[in-house]
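We count residues from 1, following the sequence as given.
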Amino acid sequence: MAIGLGCLIYVLEEGQRKDWLGYEPIRICTALAAVSLTFFVIREGLAKFPLINMRLLAQRNFGLGTLANVALGFALYGTVYLLPIYLAIVQGYSAWQIGQVLIWSGLPQLAITPFVPALMKRIDARVIVGFGMSMFAISCAMNAFMSHDYAGEQLIASMLVRALGLPFIITPLSALTTAGISAEEAGSASATFNMMRNLGGSIGTALASTLVTQREQFHSFRLLERVSDSDPQVQNFLADASHKLLHSGASTWAAHQQALQVLATQVRNEAFVMAFNDAFACVALVLFAGALLMILMKKPQGELQVSE
């Protein structure tokens, strides 16, 4: 299983950069992952004493909770990938500046997390998880309508909404999913639950990378269709840019070429913003779907056990 899972994660994380199946190592790892994971699932399903009890996924709460955990991993890793890349590419932020923005989604959680176990004793865990995933989804939806001047200060609001939601997901979801699991099956359940979150994270990172690349190309093409030499706005932009460059010492021909390059850069920058918007919208939809899964889960009997 380790070989198959490792190959699958490699394919998901490196596929976009290496042209997917057009790159031989990706093809080999894809084949290895497909064969080994298929063999593993069949073997674990037939074994009397399986290493990882895949039959647990047939249990309603465990199966739905694990699926929600995949959605959570998808969103966690996807947003951790998207936000720094957006700030670096579109806004030109340094690593230090990016950290100053992302810290807004971390520090507030320190104040909220200690109260979650007490809250779980008074409110249905399904409601808590649904609220947390909805807040996370709303924060991503807030990032799906960015413009080219949407930078650190504008991202703080969505960071705070995300910080409000995250503490209400991980611990309650784990307790809700594993409720009713016997002590003998607890180790297998925990391994499966955590593995699926990591797998969701790899899928999220891979899909986010692919979406940004492909949607940027799509939006660039569509935007360039609307940029014409006969458009008065384009002519005015090129004239103003060329005039400024001429004053800086460039020749007439060089100033015009550099003005065209400035225009192309701005078009690509706008295309990147639109691509990131599409990616955040995708993450928001996955989270909303995860929140809806809470409706299908059964209310556990007795008090949930919160792992320390």
* When Ile, Leu, Val, Met, Phe, Trp and Tyr are grouped by side-chain heavy atoms lying under 4.5 Å apart, directly or through other members, which residues fall in the same group as F145? -> none

* Asked: Is there a side-chain contact between L119 and F168 (heavy atoms, below 4.5 Å)?
  -> yes

* To do: Report yes if some heavy atom in the side chain of V101 is under 4.5 Å from a heavy atom in the side chain of L83; otherwise report no.
  => no

* Write out all pairs satisfying salt bridge (Lys or Arg N to Asp or Glu O under 4.0 Å) with one or both partners inside residues 260-274, taking only residues at least two apart or from two chains. => E216-R268

* Asked: With R215, which residues qualify under salt bridge (Lys or Arg N to Asp or Glu O under 4.0 Å), at least two apart?
  -> D278

* What are the two closest non-hydrogen atoms of N143 and S158, and how far apart are they? -> OD1-OG, 3.0 Å

* Asked: How are the rings of F193 and F62 set relative to one another: parallel (under 30°), tilted (30 to 60°) or perpendicular (over 60°)?
  -> tilted

* Before giving the answer on side-chain contact (heavy atoms from CB on, under 4.5 Å), spell out for L293 and L67 the whole-Å C-alpha distance, their side-chain angles and the decisive distance to 0.1 Å. => CA-CA 8 Å; L293 290 175; L67 191 58; 3.9 Å; yes

* Just jot down the side-chain hydrogen bond (donor to acceptor under 3.5 Å, both in side chains) partners of T79, sequence neighbours excluded, or say none. => none

* Pair listing, side chain to side chain donor-acceptor pair (under 3.5 Å) test, anchored in residues 97-111, at least two apart -> S94-Q97

* Closest contact, heavy atoms only, N269 versus I89 -> OD1-O, 4.2 Å

* To do: Could you tell me whether R43 atom CZ has more than 12 heavy atoms of other residues or ligands within 6.0 Å of it?
  => no

* Structure fact -> Value for CG (L82) from SG (C282), rounded to nearest 0.5 Å, stands at 9.5 Å

* **Same apolar cluster: L285 and L76, side chain cutoff 4.5 Å** => no

* **R222, CZ atom: more than 12 neighbouring heavy atoms under 6.0 Å** => no

* Give every residue pair that meets the salt bridge (Lys or Arg N to Asp or Glu O under 4.0 Å) criterion with at least one member in residues 147-168, sequence neighbours excluded. => none

